[in-house]
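Heads up: numbering here begins at 1 and tracks the sequence.
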Amino acid sequence: MRLLVVEDHPKLGPQLKKGLERCHYLVDLVKSGEEALAHERDVPYDLIILDILLPGLSGREVCRKLREMHQTVPILFLTALGSVEDRIEGLDLGADDYLTKPFDFRELEARVRALLRREGTPKTSTLHFANITLDTRTHEVQRGERTIVLSSKEYALLHFFMRNPRQVLSRTTIAEHVWDYDAEQLSNVIEVYVRYLRNKLCAAGEPNVIQTIRGSGYQLKESAL
């Protein structure tokens with residue numbers, strides 16, 4: 001999952017980026033509202049964490065403009081403005097959640113997980129496909145009774161597949177959500193990591209569930225046995 005953090009504090013911004021990356025998210029950090037809008041136009045973010053008190057264009061204006069453009073990306077305000085009126089105004093502008101500073105990072109992580117649960121997906125921290133389970137809270141992966149240890153990038157790749165089961169995902173789509181480079185540069189890298197992931201998922205002889213769709217990309221799909 002790819003997140004945009006909009007935070008101008010010189011220490012908090014990098015801390016947020018580092019902490020969320022440890023949770024296996026791909027994170028871009030910008031320091032102004034203008035940068036946020038420019039990035040959002042170019043990148044399909046899964047969630048935006050947005051401060052309100054920004055230099056130039058405020059977080060409120062960023063949220064307003066995104067909603068006027070009919071952008072439905074989830075927005076989480078993370079701000080020092082904590083009055084009831086501030087929270088009401090933020091939510092009325094179209095934000096999906098509102099968290100005030102100071103905050104506990106564990107709560108922020110939990111709110112991010114909740115916002116990333118789309119309609120039609122289970123409202124729990126665990127994703128399921130066939131006999132594979134992925135816990136987004138503990139980052140544990142199992143196939144049947146077998147625990148699978150994944151690298152950070154392998155986990156992010158499986159997470160993206162399991163968020164989009166049975167959909168044919170192009171290399172461009174995978175690159176945009178799991179890596180931060182374009183698909184042309186990453187075509188071989190994606191192929192390598194898909195192979196790594198397949199090998200780990202099938203290490204005990206289980207059927208392959210990551211199908212290569214020639215000319216199109218990859219698909220998480222039940223094996224045709």
Using a strict 4.0 Å threshold on nitrogen-to-oxygen distance, state whether [X] and [Y] make a salt bridge.
X    : Y    : answer
R64  : E61  : yes
R60  : E89  : yes
R137 : E109 : no
R111 : D97  : yes
D96  : R117 : no
K17  : E7   : no

Output the distance between atom [atom1] ([X]) and atom [atom2] ([Y]), rounded to the nearest 0.5 Å.
X    : Y    : atom1 : atom2 : result
I132 : I210 : CD1   : CD1   : 7.0 Å
R166 : N164 : CZ    : CG    : 12.0 Å
L91  : I75  : CG    : CD1   : 11.0 Å
L50  : L66  : CG    : CG    : 8.0 Å

Any chance NZ of K101 has more than 12 other-residue heavy atoms, nucleotides or ligands included, within less than 6.0 Å? yes
Spell out, yes or no, whether I88 and Y98 are grouped together once hydrophobic residues are joined by side-chain heavy atoms under 4.5 Å, including indirect joins. no
Could you state whether V209 and V168 fall into the same hydrophobic cluster, counting links through intermediate Ile, Leu, Val, Met, Phe, Trp or Tyr residues with side-chain heavy atoms under 4.5 angstrom apart?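 Not linked; separate clusters.
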Given side chains that start at C-beta, do those of [X] and [Y] come closer than 4.5 Å, heavy atoms only?
X    : Y    : result
L3   : D28  : no
L134 : L158 : yes
L26  : H177 : no
L93  : R67  : no
F77  : D86  : no
Y218 : I213 : no

For the backbone of [Y] and the side chain of [X], can you confirm whether one donor and one acceptor N or O come within less than 3.5 Å of each other?
X    : Y    : result
E191 : N188 : no
K200 : V149 : yes
H39  : E35  : yes

Derivation and outcome, side-chain contact (heavy atoms from CB on, under 4.5 Å), residues T136 and Y155: CA-CA 10 Å; T136 62; Y155 173 91; 4.2 Å; yes
Heavy-atom closest pair, residues [X] and [Y]:
X    : Y    : answer
A36  : V62  : CB-CG1, 4.3 Å
L116 : R163 : O-NH2, 2.5 Å
A204 : R146 : CB-NE, 3.6 Å

Is it true that [Y] and [X] share a donor-acceptor pair across their side chains at a distance under 3.5 Å?
X    : Y    : result
D46  : Y25  : no
R198 : T212 : yes
H24  : S152 : yes
T173 : E176 : no

Listed partners of F129 passing ring-ring contact (aromatic ring centres under 6.0 Å, His included), at least two apart: none
Parallel, tilted or perpendicular for Y193 and Y196, by the 30°/60° rule? perpendicular
With N131, which of E206, Q142, E145, R143 fulfils side chain to side chain donor-acceptor pair (under 3.5 Å)?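 For N131, the side chain to side chain donor-acceptor pair (under 3.5 Å) check succeeds only for R143.
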Sorted by chain and number, sequence neighbours left out, side-chain contact (heavy atoms from CB on, under 4.5 Å) with D8 holds for K31, D51, L54, P55
Test L16 against V27 for side-chain contact (heavy atoms from CB on, under 4.5 Å), laying out the working first. CA-CA 9 Å; L16 285 169; V27 182; over 6 Å; no
